[in-house]
Amino acid sequence: MLSGKGLVDNDADPAEDEANVRSALISAKRALLLDPSNYEAIVLIGDLYGDSDDARSTSLALEYYDRAIQIDPEAPDAYASKAGLLLYDLNRPHEAEPLAQRALALSIRNRDTVTQLELTYLLLIDIFLAQKRFWKARAIIREALRKCPGTFMDAVAKNARKEIEAEKSGS
């Protein structure tokens, strides 16, 4: 899936980044003019709005994710993107959890790439950590390590376990 985050280069000129995002937004909206049910374009627009730091853009992102979910309720991307926005930008982990759970179930059922699964597991782990539901975080870590063995998931598990231990020790 294309994400607006991939259009921004941290070393580039901010004006150039803004132009890239604006160009991507225009292209995606043109795609919607040709096909109003273009799921990928709708999710991309949500991602682009979600990358902005203002309340109006965040609201628009949520609307686009909802629209994408209505168009293709069996695709995990919009669920995961909306869950990420709710968790990371709006600090609403309880609302994010069922969306992330649905994204994970769909990713597994659809046999998505390992990378997609890893990112969805990471999101769900972060949700449980934010809720301080450490036993759930540990259970998801174990599942993720079984389903996505590799260095990325090993690093995610190690960092999550450190965070759990730090929270428990009060530091």
>> To the nearest 0.5 Å, what is the distance between OG on Ser169 and CD1 on Ile164?
In response: 12.0 Å
> Taking only residues at least two apart or on different chains, which pairs with a member in residues 86-98 satisfy side chain to side chain donor-acceptor pair (under 3.5 Å)?
Replying inline: Tyr88-Asp126, Arg92-Glu95, His94-Gln131, Glu97-Gln131, Glu97-Arg133
> Which distance, rounded to the nearest 0.5 Å, do you find between the CD1 of Ile42 and the OG of Ser37?
Replying inline: 7.0 Å
> What's the spacing between Leu123 CG and Leu99 CG if we round to 0.5 Å?
Replying inline: 9.0 Å
> Does the side-chain contact (heavy atoms from CB on, under 4.5 Å) test come out yes or no for Ile45 and Leu60, once each step is laid out?
Replying inline: CA-CA 9 Å; Ile45 292 169; Leu60 284 169; over 6 Å; no
>> Quick check: closest heavy atoms across Ala100 and Thr120, and the distance to 0.1 Å?
In response: O-CG2, 3.9 Å
>> Looking at Arg161 and Glu167, is any side-chain nitrogen of the basic one under 4.0 Å from a carboxylate oxygen of the acidic one?
In response: no
> If you take all heavy atoms of Asn38 and Ala31, which pair is closest and at what distance?
Replying inline: ND2-CB, 3.9 Å
>> Taking Leu119 as the starting point, is it possible to reach Ile127 by hopping between hydrophobic residues whose side chains are less than 4.5 Å apart?
In response: yes
> Roughly how far, to the nearest 0.5 Å, is the NZ atom of Lys82 from the CG atom of Leu87?
Replying inline: 14.0 Å
Show the atom names and distances, to 0.1 Å, of all donor-acceptor pairs under 3.5 Å that link a side chain in residues 143-160 to residues at least two apart or in another chain.
| from | atom 1 | to | atom 2 | distance (Å) |
| --- | --- | --- | --- | --- |
| Glu143 | OE2 | Tyr121 | OH | 2.7 |
| Asn159 | ND2 | Ala155 | O | 3.4 |

>> Is there a side-chain contact (heavy atoms from CB on, under 4.5 Å) between Lys136 and Ile140? Walk through the geometry before answering.
In response: CA-CA 6 Å; Lys136 289 287 281 182; Ile140 289 296; 5.6 Å; no
> How would you list, by chain and number, every residue that makes a salt bridge (Lys or Arg N to Asp or Glu O under 4.0 Å) with Arg22, sequence neighbours excluded?
Replying inline: Glu18
>> Using the ring-ring contact (aromatic ring centres under 6.0 Å, His included) criterion, which residues pair with Tyr65? Sequence neighbours excluded.
In response: none
>> Check whether Ser23 reaches the backbone of Ala19 with its side chain - one donor and one acceptor, N or O, closer than 3.5 Å.
In response: no
> From Lys29 NZ over to Leu34 CG, what is the distance, rounded to the nearest 0.5 angstrom?
Replying inline: 15.0 Å
> Are Leu117 and Ile141 connected, step by step, through hydrophobic side chains (Ile, Leu, Val, Met, Phe, Trp, Tyr) whose heavy atoms are closer than 4.5 Å?
Replying inline: yes
> Can you tell me how far CG of Asp51 sits from CG of Leu25, rounded to the nearest 0.5 angstrom?
Replying inline: 11.0 Å
> What are the two closest non-hydrogen atoms of Ala61 and Gly50, and how far apart are they?
Replying inline: CB-N, 3.5 Å
> Would you call Asp54 and Thr58 a side-chain contact if the rule is heavy atoms closer than 4.5 Å?
Replying inline: no
> Backbone N or O of Leu62 within a donor-acceptor pair of the Arg67 side chain at under 3.5 Å?
Replying inline: no
>> Could you report the tightest heavy-atom contact between Pro36 and Ile71, atom names first, then the distance?
In response: O-CD1, 4.0 Å
> Do Tyr79 and Leu90 share a hydrophobic cluster, counting only Ile, Leu, Val, Met, Phe, Trp and Tyr and linking them when any side-chain heavy atoms are less than 4.5 Å apart?
Replying inline: yes
>> Once ring-ring contact (aromatic ring centres under 6.0 Å, His included) is applied, what residue pairs with a partner in residues 30-64 remain, sequence neighbours excluded?
In response: Tyr49-Tyr64
I'd like a table of donor-acceptor pairs (distance under 3.5 Å, sequence neighbours excluded) in which one partner is a side-chain atom from residues 103-110, with atom names and distances.
| from | atom 1 | to | atom 2 | distance (Å) |
| --- | --- | --- | --- | --- |
| Ser107 | OG | Ala103 | O | 3.0 |
| Ser107 | OG | Asp112 | OD2 | 3.1 |
| Arg109 | NH1 | Glu74 | OE1 | 2.9 |
| Arg109 | NH2 | Glu74 | OE1 | 2.5 |
| Asn110 | ND2 | Glu74 | O | 3.0 |
| Asn110 | ND2 | Leu106 | O | 3.3 |

